[in-house]
Amino acid sequence: MENQINTQMEQRKGRRLVLFPLPLQGHINPMLLLATILHSKGFSITIIHTNFNSLNPSHYPNFTFHSIPDGLLESEASSSDLVALVKLLNIKCTDPFRACMDKLLSDASQEPISCIISDPLFYFTQAVADSLKLPRVVLRTGGLSSFVVFAAFTLLRERGYFPIQDSQLEEPVVEFPPLKVKDLPMINTVDPNLYYEIIASVVNGSKASSGIILNSFEELEQSALDTLRQEFPNPIFPIGPFHKYNLTSSSSSLLAQDQSSISWLDKQAPKSVIYASFGSLAALSESQFLEIAWGLANSNQPFLWVVRPGLVRGSEWLEPLPTGFLQTLNGRAHIVKWAPQLEVLAHPAVGAFWTHNGWNSTLESICEGVPMICMPFFTDQKVNAKYVSQIWKVGLQLENGLDRLEIERYIKRLMVEKEGEELRDRISKLKEKAKFCLQQGGSSLQNLDSLVSHISKLES
Ligand code: UDP
């Protein structure tokens, strides 16, 4: 058996995979973890990345890196309009990506390329792959349940859900219970039509690909997986949670992770701390920020809060906080610019995660059995939050805007009351399922084997 595995690994050593992550934190992390997983299966790994949010090759000595000029102007790279950013990246990266691929393909000293693995938001890569006669597999870095909603966007538009009317926000989306219109994965953008166009390109590009890899696991999103398998012609491989594979992988964090988070947590009582972090992209107004600050302070629980520079619109960092805010809390609060989130969630002192429900954060919380307070901002976060609060029932969603009294009340429900214990019990069970799918015979490991054999058979 071991000999057979070694021979298969040897055969794959002659095959190279080219991975192309979207240059945003929540997309980079899973793509680099996937690279580590596939490298452990014997593939050689080449990463193509943009200058924007460039990666550090020295963290990954086993991979080959190629940087391409994305041509983004400074104002474009720092724009808060993510829809416009994605569109620009797709336009501006096309020629440099193709040139980089041409160079890789003509380099006789390199192993042959089995396929390109790209983020589906880089939808232009399907046409490039086709023209180079290379197969393309996509890594969807978000959840399956939200992907199914994106896949139905055209239908939902035909049925009149878009553009969303304020008067309809509380109405049910009958095609996707328990979602309401306000939970549909929308985002503020100057050009909603561009958003629909991008979603259509992502969905069609994913359908046209040679396979879809997901950082999720069957037991978590079985019904969405069934739907997707019916609607999509290509094979689908949920092989997550990626960060729980027993492999050493370097951090792909774009910001330095403040390790004082851990030494501060070491001094706190078990399950007493609320960890609050809203990911790499979300932004708040000053008044929302202050409601959060006072809600946390008035809860009387210790809290670790990630305030990313840029989180508060128009502020550098903590300036909106009243003078002496932290001092009056007598060590009960610790604020950092960026935390080692995986270590934080795994720390015994952490009792709850107040999150924006980005998919990575949601999955990371599930894997550590930490119940959530959900505060989604945009796109798939809204669907994830509904799943957390109403399908898996492992969190509470703040529904009525940001108000310090309401926040205090939610924290008490989760940290002090019986309701919190029930959520904790349920998420512990999900945590066990997440663990099980990566044990021998578990669904994700089986799907990984299928993926590896699928990629090995792809003909360029
Ligand atoms: N993260 C981190 N430190 C922080 C906050 C977040 O390392 O202080 C990581 C987190 O573990 C996750 C990623 O950044 O892997 C954020 O991805 P997610 O999908 O949750 O949200 P996004 O940033 O895409 O909105």
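Starting from 1, each residue takes its place in the sequence as its number. Whatever order the structure lists ligands and atoms in, that order sets their numbers, starting from 1. What you see is a predicted model; the values in this text were computed from it and never measured. Keep in mind that the numbers below use all heavy atoms, side chains included, and drop hydrogens, waters and symmetry copies.
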Worksheet entry | P185 side chain reached by S146 side chain, heavy atoms, under 4.5 Å | no
Fill in: Aromatic plane relationship, Y245 with F242 - under 30° parallel, 30 to 60° tilted, over 60° perpendicular
perpendicular
Practice prompt. Please determine if E368 and K244 form a salt bridge, counting it only when a charged side-chain N lies under 4.0 Å from a carboxylate O.
Written response: yes
Worksheet item: Any non-hydrogen atom of H243 lying under 4.0 Å from ligand 1?
Response: no
Worksheet item: Is the shortest heavy-atom distance from the side chain of Y196 to the side chain of P163 under 4.5 Å?
Response: yes
Worksheet item: Quick one: does W305 get within less than 4.0 Å of ligand 1, heavy atoms only?
Response: no
Worksheet item: Does some non-hydrogen atom of N29 fall short of 4.0 Å from ligand 1?
Response: yes
Discussion item. Considering both backbone and side-chain atoms of S253, is one of its nitrogen or oxygen atoms within less than 3.5 Å of a nitrogen or oxygen in ligand 1?
Written reply: no
Worksheet, complete the sentence: closest protein heavy atom to atom 11 (O) of ligand 1 is E364 OE1, 2.7 Å
Practice prompt. With the side chain counted from C-beta on, respond yes when F147 and F232 share a heavy-atom pair under 4.5 Å apart, and no when they do not.
Written response: yes
Worksheet item: Do any nitrogen or oxygen atoms of Q257 come within less than 3.5 Å of a nitrogen or oxygen of ligand 1?
Response: yes
Discussion item. Students should be able to answer this: which protein heavy-atom is nearest to atom 8 (O) of ligand 1, and at what distance?
Written reply: A339 N, 2.8 Å
Practice prompt. Report yes if some heavy atom in the side chain of V336 is under 4.5 Å from a heavy atom in the side chain of W305; otherwise report no.
Written response: no
